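The structure appears right after this line, and notes come after that.
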There are 2 protein chains.
Amino acid sequence: MRARPTLEKVAARAGVSRATASRVVNGSTRVAPQIREAVHRAVEELGYVPNQAARSLVTQRADSIALVFPEPATRVFSDDPTFAGIIRGVSLEIEEADKQLVLMLTGPDGSYHRVERYATNGHVDGVIVASMHGSDPLPGILTRRGVPVVCGGRPSVPGDLPYVDMDNAGGAERAVRHLVEQGRRRIATIAGPQDMIAGIDRLAGYRDVLRDSERRSIVAVGDFTRESGAIAMRQLLADDPDLDAVFVANDLMALGALRTLGQAGRTVPGDVAVIGFDDIPAAAYAEPPLTTVRQPTVEMGRRLARMVLNPEDRTPVVLPTELVVRESTRRS
Amino acid sequence: MRARPTLEKVAARAGVSRATASRVVNGSTRVAPQIREAVHRAVEELGYVPNQAARSLVTQRADSIALVFPEPATRVFSDDPTFAGIIRGVSLEIEEADKQLVLMLTGPDGSYHRVERYATNGHVDGVIVASMHGSDPLPGILTRRGVPVVCGGRPSVPGDLPYVDMDNAGGAERAVRHLVEQGRRRIATIAGPQDMIAGIDRLAGYRDVLRDSERRSIVAVGDFTRESGAIAMRQLLADDPDLDAVFVANDLMALGALRTLGQAGRTVPGDVAVIGFDDIPAAAYAEPPLTTVRQPTVEMGRRLARMVLNPEDRTPVVLPTELVVRESTRRS
DNA sequence: GATGCTCGTGAGAGCGCTCTCACGTGACTC
DNA sequence: GAGTCACGTGAGAGCGCTCTCACGAGCATC
């Protein structure tokens, strides 16, 4: 039981050549039924499992793909269910394709050399780089090395890198328009990091709508953490004590903002309406429940995986986002 | 640049044999300095990266370890930062050991056959099974197949499987004792799933303290989700409208309970004191901030990884938990 | 009945690497 | 100065698999 049986053993037991056994194991149809049967039985009896290393060596495929979270994503990782959704989606799709998922969380140091090494040594058939830090060089490097790469989130440096992105700008626009329609006059925003495409696009969406509705923009910037949202909200309140709405670039920061507003004695949605982004589970449980923009994270993961598995179709995908109205913007 | 150079090429360029080149690449000391230099230069110039498949084939090692989340964990995965913490810890340690992390989320179907297959085909040097569903057969099967396994959370079926667990019972005891000390009389609990060791042990801790303090226990059971916490709280309130404290087996359910309490017109901590478990980031941001039991998730991940990487030391580890007192139990 | 197919099968090379073994060299011992 | 002993190096086997190629059997064609 200790020594795992080889194809050779299986072939011997089934009374065929190794080549034929290999054909059966790999599901070739050009094998006589009774022989196929015999080989299957031998596989069963011996508990044969193909050695992946040997297989990879000759096929030059690894049957696994890497999912890389660069540093800024890793930092937020523990508290942002968005990433968990992406992982799940990727995992589901990978599983269906009977491949493996290698997860790499990049540390603060330039540890992406490790990723580069790993991805170029034939250990992986493709790489998904999630939630990029703007001009991350990794996707470019890997592409040049001949490794299929797909980006989660549109790369800020335009190129022909395939990507799957959320409709961040569209979602932001709908959110801010919702505030305008509710008659809010002074609509502020807590933007995300401006070196992340999600941060940039959501701010752009906000700006576009405000410009069209001839309101002035009131902006603070956070880093997508709850804490930074709380701090940014304080700033905003200091900048414009009369603001009556805030569009926050993600839910985590919105939760922080909600807290600051409470401490400042502002009611939500009475005094100030608040909209977040992401629709994390906590949003529905906030006090008051948070209006937010839902994004299909699991679907994003699936698409990323599908794209990296079929490198021929490299046309970018932008997934729709959806406004979810809850108490935090209800007109009293 | 397309075709990656082989050791052969490196050896040729450095003017040595393949064997020597291999020695240098693998850091053997028994090589003359100037030759080592020459090989290093050749590696550099050609951009040589060892082919892992070929290496694995001969060494019978895979240099990667699998982290498996069985179904129940997977279900909660997206919203429970505990898992993210474990992943981070494992990832950090794996990275230091220059190995790879293969993540496997088990689906609802019996898809752990896939895990079994994968782990036994030599693709992996060890397996970490996280947050087990009580009597999960997987660790046993893999161990029998000769694959080093470490469990995250003590297996409910006693055996000699190595594991890393949190001090769940101890944490629960401290939490409930805290409530007793505050003079709470009717202390209820929302327990976790009773087929997970964390659920069982936390309930046991609660029961032990109550017995000692001669209070009767009031129990509802949830499944570690926010929603189930809200529902269980409703039940508890129906069972005993006069309860003045609840120890909830995890923070997510505690958040749900907090909400139910608010809707039922109970103040926290005035009418009812609430304690959670886990100390997820959201706990500090709850209204009121939640007293809870902190557990070292990242450390757990690190220990798990270290344990599976050094299969000789298989003595179980129980990590300490710590009571974090916040507003939700503050005596007014 | 000779020719040409298709189709199932086996022989064997070779993927890129590690590691054992044997060999040659130089330093040391007595 | 013969014997011993490191020590660095190279030759070569072989890890377990896939895949090309050649081969022989069976069948249809004229």
Side-chain angles (χ1 to χ4, degrees), chain A residues 2-40 42-43 46-64 98 117-118 120-125 146, chain B residues 2-40 42-43 46-64 98 117-118 120-125 146:
Chain A
R2 190 70 331 114
R4 286 184 293 103
T6 68
L7 234 208
E8 194 77 53
K9 296 271 203 325
V10 172
R13 180 164 194 125
V16 299
S17 74
R18 207 178 44 218
T20 300
S22 172
R23 277 189 269 264
V24 173
V25 169
N26 291 290
S28 164
T29 49
R30 323 169 93 35
V31 176
Q34 70 274 24
I35 288 196
R36 194 191 352 256
E37 236 349 280
V39 172
H40 276 142
V43 165
L46 296 171
Y48 171 75
V49 179
N51 179 313
Q52 186 58 40
R55 186 178 271 175
S56 290
L57 184 57
V58 41
T59 60
Q60 309 280 29
R61 281 178 291 102
D63 282 334
S64 69
D98 204 30
R117 260 183 75 89
Y118 183 69
T120 47
N121 81 351
H123 213 320
V124 134
D125 300 323
Chain B
R2 189 72 328 115
R4 286 185 296 100
T6 68
L7 233 209
E8 193 78 54
K9 296 272 203 321
V10 171
R13 181 167 194 121
V16 299
S17 74
R18 206 179 46 219
T20 299
S22 172
R23 278 188 269 263
V24 172
V25 168
N26 291 290
S28 163
T29 48
R30 320 170 97 33
V31 175
Q34 72 276 24
I35 290 197
R36 191 187 358 253
E37 237 348 281
V39 174
H40 275 142
V43 165
L46 295 171
Y48 171 75
V49 180
N51 179 314
Q52 186 60 38
R55 185 178 271 175
S56 290
L57 185 56
V58 38
T59 59
Q60 307 280 28
R61 280 179 291 102
D63 283 334
S64 69
D98 203 31
R117 262 184 73 88
Y118 182 69
T120 48
N121 81 351
H123 214 321
V124 132
D125 300 325

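Every chain is numbered from 1, with letters handed out A, B, ... down the list of sequences. These values consider heavy atoms only, across backbone and side chains, with no hydrogens, waters or symmetry-generated copies. Note that the coordinates shown come from a computational prediction; the quantities given were computed from them, not determined experimentally.
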*Using atom CG of A:Leu7 as one end and atom C1' of C:dG12 as the other, report the distance to the nearest whole Å.*
15 Å
*asked:* From CD of B:Glu8 over to C1' of D:dG10, roughly how many Å is that when rounded to an integer?
replied: 12 Å
*Once you round to the nearest 0.5 Å, how far does CD of B:Gln52 lie from OG of B:Ser64?*
8.0 Å
*asked:* Can you identify which nucleotide, out of C:dC17, D:dT9, D:dT18, has its nearest atom closest to the B:Arg55 side chain?
replied: C:dC17
_Return the OG to CD distance between A:Ser17 and A:Glu8, rounded to the nearest 0.5 Å._
9.5 Å
*Would you call B:Arg13 and B:Val10 a side-chain contact if the rule is heavy atoms closer than 4.5 Å?*
no
*Counting distance only, does the side-chain N/O of A:Thr20 pair as donor-acceptor with the main-chain N or O of A:Val16 below 3.5 Å?*
no
*What is the distance, rounded to the nearest whole Å, between atom CG of A:Asn51 and atom C1' of C:dC17?*
13 Å
*Along DNA chain D (nearest heavy atom to each residue), the more 5'-positioned of B:Leu57 and B:Ile35*: B:Ile35
*Separation of A:Arg36 atom CZ from C:dC7 atom C1', in whole Å?*
14 Å
*Considering only side-chain heavy atoms of A:Pro50, which listed nucleotide, D:dT9, C:dG16, D:dC17, is closest?*
D:dC17
_With the threshold set at under 4.0 Å for non-hydrogen atoms, list the residues of residues 17-26 of chain A touching DNA chain D in residue-number order._
A:Arg18, A:Ala19, A:Ser22, A:Asn26
*Taking all non-hydrogen atoms of both residues into account, name the closest pair between A:Leu46 and A:Pro5 and its distance.*
O-CG, 3.4 Å
*Flag side-chain contact, heavy atom, 4.5 Å: A:Pro50 against A:Val25*: yes
_Closest nucleotide among C:dC19, C:dC17, D:dC17 to the A:Tyr48 side chain_ = D:dC17
*Closest-nucleotide 5' rank along DNA chain C - winner of A:Ala32 and A:Gln60*: A:Ala32
*Between A:Arg61 (CZ) and C:dC15 (P), how many Å, whole number?*
17 Å
*Consider the side chain of B:Thr59, meaning its heavy atoms from C-beta on, and name the nucleotide among D:dG16, C:dC17, C:dT18 that approaches it most closely.*
C:dT18
*What distance separates B:Arg55 CZ from B:Asn26 CG, expressed to the nearest 0.5 Å?*
4.5 Å
